Amino acid sequence: MTDALAEISSKSPRVEIEKFFNGPEVTRCKQQICDVGRRMWQRAYVDGNGGNLAIRVASDLVLCTPTLVSKGFMKPEDLCLVDLNGAQMAGDQRRTSEILMHLEIMKRQPRAVATVHGHPPYGTAYGLAGIVPPTGRISEYELFVSTALAPYRTPGTPDLGHEVAALVDRHNTILMANHGVVAWSHSSLEDAYFKLEILEAYCQTLCIAAQLGRPLSEMSPAQVKDLLAIKARFGIPDPRMSG
Ligand SMILES: [Zn+2]
């Protein structure tokens with residue numbers, strides 16, 4: 001979010017919001033959402049019309065995906081602009097009902113500039129089994145992701161948003177029981193997508209490793225501590241960090 005973008009808000013005149021929505025900065029964000037959506041669909045992280053993506057483009061304005069559209073085939077003109085309460089401010093298509101969950105994350109976590117939600121099979125399976133993946137196994141996951149499990153709530157309800165938002169101060173990737181996964185980033189949409197991708201690869205690796213018939217090797221506490229120090233420098237939350 002640039003300073004220029006931050007000047008506009010949901011209280012700005014409608015004509016200004018419309019101009020902003022069709023301007024070059026938001027157009028670039030629309031293209032990013034279409035690009036990441038296509039990558040999610042290609043990797044089977046979304047099924048049917050499932051999954052949704054959002055970018056905070058001003059302090060209380062969020063660009064998001066529409067309802068009932070495959071994330072693999074979105075066009076920039078399909079995207080919607082909403083305020084932090086989910087009221088639609090611009091866009092011809094109706095915004096996704098699941099935006100409420102993304103908005104609760106953004107309200108709770110002011111650093112969250114982008115959110116990505118999908119139903120990737122391995123991450124979703126962990127949520128289904130009620131298992132938070134163990135830590136101290138794979139360095140990539142250890143460095144970039146911190147996962148928690150939110151209880152099942154009906155998709156599209158504020159209740160689901162509240163359950164997820166309660167976890168985002170200390171975690172950047174949330175497994176939603178009986179549903180899917182959502183990740184937030186303090187830097188970009190692509191970074192939020194990377195959290196989802198890293199979690200999914202990690203859950204898949206754990207499933208494969210569990211079939212090999214040998215105990216899994218674990219990092220030592222000192223090795224984990226080294227990675228957590230780097231993670232802190234990246235600005236990524238983790239409940240194991242002090243303070
Ligand atoms: Zn979903």
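Every heavy atom of this structure was used, including side-chain atoms; hydrogens, water molecules and symmetry mates were not. For reference, positions follow the sequence shown, starting with 1. This is a predicted model, so every value here is computed, not measured.
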Are His119 and Thr124 linked by a side-chain donor-acceptor pair shorter than 3.5 Å?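 Thr124 and His119 do not have a side-chain donor-acceptor pair below 3.5 Å.
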
What I want to check is whether the side chains of Ser10 and Asp60 have a donor and an acceptor closer together than 3.5 Å.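 Looking only at side-chain atoms, Asp60 and Ser10 do form a donor-acceptor pair, the distance falling under 3.5 Å.
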
The criterion is ring-ring contact (aromatic ring centres under 6.0 Å, His included); which residues satisfy it with His186, sequence neighbours excluded?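 Partners of His186 by the ring-ring contact (aromatic ring centres under 6.0 Å, His included) criterion come out as none, since no residue qualifies.
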
Between Arg108 and Asp169, does any NZ, NE, NH1 or NH2 come within less than 4.0 Å of an OD or OE carboxylate oxygen?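 Yes, Asp169 and Arg108 are salt-bridged.
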
Residues Glu197, Arg43: salt bridge by 4.0 Å N-O rule: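 Yes.
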
How many angstroms lie between CG in Leu61 and CG in Leu84, if you round to the nearest 0.5 Å?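 Atom-to-atom, Leu61:CG and Leu84:CG are 7.5 Å apart.
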
Once rounded to the nearest 0.5 Å, what's the spacing between atom CE of Met74 and atom SG of Cys34?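 Answer rounded to 0.5 Å: 5.0 Å.
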
Hey, mind stepping through Glu190 and Lys195 against salt bridge (Lys or Arg N to Asp or Glu O under 4.0 Å) and telling me if it holds? CA-CA 9 Å; Glu190 180 156 55; Lys195 309 304 182 221; over 6 Å; no

Any side-chain heavy atom of [X] sitting closer than 4.5 Å to one from [Y]?
X      : Y      : value
Arg170 : Met241 : no
Pro155 : Ser97  : no
Asn52  : Thr115 : no
Thr157 : Leu100 : no
Ile17  : Leu81  : yes
Thr67  : Asn49  : no
Val69  : Lys75  : no
Thr135 : Met219 : no

With side chain to side chain donor-acceptor pair (under 3.5 Å) as the rule and sequence neighbours excluded, what pairs involving residues 198-214 come up?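 Listed once each, the pairs would be none.
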
Membership question, hydrophobic clusters at under 4.5 Å side-chain separation (ILVMFWY): are [Y] and [X] in the same one?
X      : Y      : result
Trp184 : Leu103 : no
Tyr126 : Ile198 : yes
Ile174 : Leu160 : yes
Val145 : Leu53  : yes
Tyr152 : Leu167 : no

Go through it in stages, so that I can follow the logic: the residues are Ser139 and Leu227, the test is side-chain contact (heavy atoms from CB on, under 4.5 Å), and I'd like the CA-CA distance, side-chain angles, deciding distance and then a yes or no. CA-CA 7 Å; Ser139 53; Leu227 294 176; 4.1 Å; yes

Only one of Met106, Arg111, His102 forms a side chain to side chain contact (heavy atoms under 4.5 Å, CB included) with Arg56, so which one is it?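 The residue from Met106, Arg111, His102 that satisfies side chain to side chain contact (heavy atoms under 4.5 Å, CB included) with Arg56 turns out to be Met106.
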
Both conditions, 6.0 Å and 45 degrees, for the charged tip of Lys71 above the ring of Tyr45: are they met here?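 Ring-cation test returns no.
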
Which atom pair, heavy atoms only, marks the closest approach of [X] to [Y]?
X      : Y      : value
Ser185 : Asp191 : OG-OD2, 2.6 Å
Leu175 : Gly127 : CD1-N, 4.0 Å
Pro66  : Gln93  : CB-CB, 3.6 Å
Pro151 : Ala177 : C-CB, 4.1 Å
Ile236 : Leu143 : CD1-O, 3.7 Å
Val181 : Leu196 : CG1-CD1, 3.4 Å

As a quick check of understanding, evaluate side-chain hydrogen bond (donor to acceptor under 3.5 Å, both in side chains) for Thr147 and Tyr141, giving each step before the final call. CA-CA 10 Å; Thr147 305; Tyr141 176 82; 2.7 Å; yes

Which is it for Lys231 and Glu142 under the salt bridge (Lys or Arg N to Asp or Glu O under 4.0 Å) test, yes or no, and what are the steps along the way? CA-CA 8 Å; Lys231 195 173 199 171; Glu142 208 69 9; over 6 Å; no

Is the distance between the ring centroids of Phe144 and Phe234 less than 6.0 Å?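 Ring centres of Phe234 and Phe144 closer than 6.0 Å.
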
